[in-house]
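Here is the structure we will look at, set down as structure tokens.
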Amino acid sequence: MTPAKLADAVLSAVVSVFTARGLDTSVLPENTTVERPRNPAHGDYASTLVLQVAKRAGVAPRELAGWVAERLREEPGIADVEVAGPGFLNIRLQAAAAGELARTIVTAGRAYGRSDRHAKQRVNLEFVSANPTGPIHIGGARWAAVGDALVRLLRAVGADVTAEYYVNDAGSQVDRFAASLLAAARGEPVPEDGYKGQYIEDVAQAVLKARPDALSSPDPQAIFRAEGLRLMLEEIETSLADFGVHFDVFFSESDLHRRGELQAALDRLRAEGHVYEADGAVWLRTTDFGDDRDRVLVRSNGSWTYFAADCAYYLDKRQRGFDRVVLLLGADHHGYVGRLRAMAACFGDDPDQTLEVRIGQFVNLLRDGEPVRSSKRAGTIITLEDLVEAIGVDAARYALARYSLDSPIDLDIDLWTRTTNDNPVYYVQYAHARIASLLRNAAELGVDREPFNPALLDHPRESDLLKALGEFPEVVQTAAELREPHRIARYLEELAGTYHRFYDACRILPRGDEATTDLHRARLWLVEASRIVLASGLELLGVSAPDRM
RNA sequence: GCGCCCGUAGCUCAGUGGAUAGAGCAGCUGCCUUCUAAGCAGACGGUCGUAGGUUCGAACCCUACCGGGCGCACCA
């Protein structure tokens with residue numbers, strides 16, 4: 001029996017008690033969940049549903065709990081139900097019902113934990129979107145790891161997701177980039193406000209190689225601009241691909257300009273009545289929808305603001321049919337949230353429904369416990385590629401995805417490069433490799449899984465493992481809905497620990513010339529189920545599940 | 001000054017109103033003649049920043065304060 005099915009059984013027991021006693025069923029929720037108590041004395045699962053509804057139903061919680069317990073005990077698969085404390089329901093499953101979960105998981109395979117709950121949702125998830133004026137730095141690496149995991153998670157719950165990268169190829173920073181390349185190609189010092197670093201030199205040379213005529217053309221900077229952007233973007237795509245991150249769309253800001261979408265967005269906002277002119281500039285009255293101050297769309301010199309492009313971009317996404325626009329931004333952009341939400345409202349949308357801005361804290365790099373300064377302009381960036389080279393793709397992705405977005409990450413380079421066994425990802429991967437090895441041995445010994453008697457899985461470590469495996473679907477769903485992939489990593493660490501403890505306490509394969517028993521076979525189901533969930537969870541994070549370590 | 005985020009074990013961090021608050025790492029004590037010891041067991045370690053409030057119940061929700069990070073352009 002899965003926790004979800006048990007929760008359904010609890011709810012229907014409550015409904016039937018309410019109906020039988022003439023209580024007001026409208027105070028009941030549409031669905032409920034069961035918890036896994038830490039204390040084994042509190043049963044395999046516990047429900048707090050009675051506590052939540054008793055007061056509004058006008059019944060004493062303990063009395064209501066008693067009625068529900070009586071009804072629940074008749075449910076097949078349930079061994080016992082106790083009323084505890086103020087009205088907790090502590091439920092114990094029959095070993096056979098609990099053990100059946102192993103069959104459920106093995107039968108479902110990779111589909112276990114996945115659902116179509118959000119199948120009707122079309123989501124556009126934009127992340128990284130680093131300026132194409134340099135390589136992806138360590139901060140961008142975090143959004144790449146988290147964003148890609150989120151894409152996988154949302155797809156796991158059935159959402160139709162487009163992973164998108166916004167290429168800021170139209171602003172003045174691109175001019176500075178082009179000017180820096182040109183200067184480097186001419187052997188001149190880069191401009192004061194230009195970009196520094198070896199990569200500028202490299203890209204400049206690459207441009208010259210592709211376009212030997214660049215310096216003698218009528219507008220050299222235009223060539224360095226176009227070619228430089230192309231090369232830089234290529235490099236960014238390559239390092240992301242090496243990191244296992246793929247985007248469905250690289251969306252160019254200059255395309256928005258070229259297609260006149262900024263003007264179209266402005267017209268639309270004007271028609272909605274939120275645009276006015278003052279001091280020679282064109283403003284959007286975002287204060288109508290909670291922003292601190294109104295925002296300029298067209299400067300008094302006639303040029304578009306970056307924000308105007310944001311408006312056009314949002315409108316473009318909506319017109320492409322996305323009903324949910326999700327942005328992953330760094331903490332330095334949190335000041336944008338208010339204006340972005342207000343902008344969506346100015347278009348007539350309800351930002352609570354259509355726009356979601358997730359703010360992530362930065363990655364601080366430490367070397368010997370000292371912060372490492374990372375500045376793109378000064379050329380002292382630590383890039384995604386540096387990180388991968390130092391600690392590998394698996395460790396890097398895992399390290400960047402295992403923390404809450406709200407939490408800044410202190411990544412000590414020396415620690416991560418020096419010690420590999422301190423790394424939690426190995427703990428999880430090792431559990432998978434251990435299982436793979438064991439399954440190879442089982443195959444060699446000719447141990448089969450049939451027949452399966454789930455009632456034999458009644459050892460405490462076996463029950464713990466079954467319970468941990470049973471949590472996976474809800475963890476996936478919660479992680480997807482809250483946009484918090486780190487929950488998957490934390491879950492996997494817990495599952496790996498539970499497996500290691502099971503492995504330590506329970507012999508799985510027959511030793512020496514022992515005969516194969518039904519217990520060996522039953523445990524093999526449990527082991528295979530564990531492998532499936534570990535591999536499935538690691539896949540959601542984009543981390544490999546090795547068969548050997 | 002205003003806004004957002006954070007404050008939980010020595011360190012790094014989990015914990016979307018439930019029971020005795022957890023994990024990893026560091027440090028201590030044990031466990032490999034047969035399934036991977038990159039593992040396991042045990043002990044140690046806490047006024048959940050402070051003070052109030054909300055309720056059957058608060059690390060979690062509300063208010064104030066303290067401390068830290070990051071933002072507050074006709075820059076991008």
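Every chain is numbered from 1 and lettered A, B, ... according to where its sequence line falls, protein lines coming before strand lines. None of the values given here were measured: they were computed from a predicted structure.
- One finds no side-chain N or O of A:Tyr491 lying less than 4.0 angstrom from the OP1 or OP2 phosphate oxygen of B:G22.
- Nearest-nucleotide positions on RNA chain B place A:Ser404 closer to the 5' end than the other of A:Ser404 and A:Ile435.
- Judged by ring centres under 5.5 Å apart and planes tilted less than 30 degrees, A:His334 fails to stack against the six-membered base ring of B:G71.
- Note on A:Ala46: a base of the nucleic acid sits closer than 4.0 angstrom, heavy atoms only.
- Both geometric conditions, a ring-centre gap below 5.5 Å and a plane tilt below 30°, are fulfilled for A:Tyr503 over the base of B:C35.
- Contact annotation: A:His486 side-chain N/O to B:G15 OP1/OP2 distance is under 4.0 Å.
- Counting any heavy atom pair closer than 4.0 Å across all strands shown, A:Gly171 reaches sugar-phosphate atoms only and no base atom.
- Taking only side-chain atoms of A:Ser407, from C-beta outward, the nucleotide of B:A14, B:U55, B:G39 with the closest atom is B:A14.
- Look at the P atom in both B:C74 and B:A58: the space between them is 47 Å, to the nearest Å.
- Looking at the side chain of A:Gln52, the nearest of the listed nucleotides B:C35, B:G39, B:G18 is B:G18.
- Aromatic ring centres of A:Tyr427 and A:Tyr430: separated by at least 6.0 Å.
- Here the side chains of A:Trp143 and A:Leu400 are not in contact, with every heavy-atom distance at 4.5 Å or above.
- Note: A:Phe289 and A:His274 have perpendicular aromatic rings, judged against thresholds of 30 and 60 degrees for the angle between ring planes.
- A:His500 comes within 4.0 angstrom of sugar-phosphate atoms only, judged by non-hydrogen atoms across all strands, and of no base.
- Not one side-chain nitrogen or oxygen of A:Asn90 sits closer than 4.0 Å to the OP1 or OP2 atom of B:A19.
- If you check every strand for non-hydrogen atoms under 4.0 Å, A:Arg295 touches nothing.
- Listed pair A:Arg36 / B:A19 fails the phosphate criterion, with no side-chain N or O lying under 4.0 Å from OP1 or OP2.
- Each of A:Leu72, A:Val68, A:Val10 was compared with A:Val81 under the side-chain contact (heavy atoms from CB on, under 4.5 Å) criterion, and only A:Leu72 meets it.
- In this structure, A:Arg434 is positioned above the aromatic face of A:Tyr503, its NZ or CZ under 6.0 Å from the six-membered ring centre and within 45° of the axis.
- Base contact: A:Asp547 has a heavy atom under 4.0 Å from a base atom.
- When distances are taken from the side chain of A:Ala331 to each of B:C35, B:C70, B:A19, the shortest belongs to B:C70.
- Residue contacts shown for A:Thr478 include a base, since a base heavy atom lies under 4.0 Å away.
- Among the nucleotides B:C5, B:U36, B:G15, the one closest to any side-chain atom of A:Arg440 is B:U36.
- Within 4.0 Å of A:Asn441, counting heavy atoms only, lie sugar-phosphate atoms of the nucleic acid but no base atom.
- The residue A:Ser300 sits close to a base: some heavy atom pair falls under 4.0 Å.
- Between A:Arg501 and B:A41 there is a side-chain N or O to OP1 or OP2 distance below 4.0 Å.
- Considering only side-chain N and O atoms, A:Ser437 lies under 4.0 angstrom from the phosphate OP1 or OP2 of B:U36.
- Taking only side-chain atoms of A:Ala84, from C-beta outward, the nucleotide of B:G39, B:U36, B:A19 with the closest atom is B:A19.
- A:Asp464 and A:Thr498 form no side-chain donor-acceptor contact under 3.5 Å, judged by distance and modelled atom types alone.
- Considering only side-chain atoms of A:Gln361, the nucleotide from B:A14, B:C5, B:A38 that sits closest is B:C5.
- Within 4.0 Å of A:Asp279, counting heavy atoms only, lies at least one base atom of the nucleic acid.
- Base contact: A:Leu51 has a heavy atom under 4.0 Å from a base atom.
- Contact annotation: A:Arg402 side-chain N/O to B:U12 OP1/OP2 distance is not under 4.0 Å.
- Look at B:C48: it lacks any Watson-Crick or wobble partner with both distances under 3.5 angstrom.
- Here the nucleotide nearest the side chain of A:Asp406, chosen from B:C5, B:U36, B:C40, is B:C5.
- If you check B:G39, B:U36, B:U12 against the side chain of A:Tyr403, the one that comes closest is B:U12.
- Considering only the side chain of A:Arg434, B:G39 comes nearest among B:U16, B:C74, B:G39.
- Nearer the 5' end of RNA chain B, as judged by each residue's closest nucleotide, is the contact made by A:His42, out of A:His42 and A:Glu493.
- Picking from B:A38, B:U34, B:G22 the nucleotide with the shortest atom distance to the side chain of A:Tyr426 gives B:A38.
- Within 4.0 Å of A:Ala281, counting heavy atoms only, lies at least one base atom of the nucleic acid.
- Residues A:Ser115 and A:Gln477 form no side-chain contact, since every pair of their non-hydrogen atoms from C-beta on lies 4.5 Å or further apart.
- By the stacking rule of 5.5 Å between ring centres and under 30° between planes, A:Phe88 stacks on the base of B:A19.
- Cation-pi contact between A:Arg62 and A:Phe88: absent, since separation from the ring centre below 6.0 Å together with deviation from the ring axis within 45° is not met.
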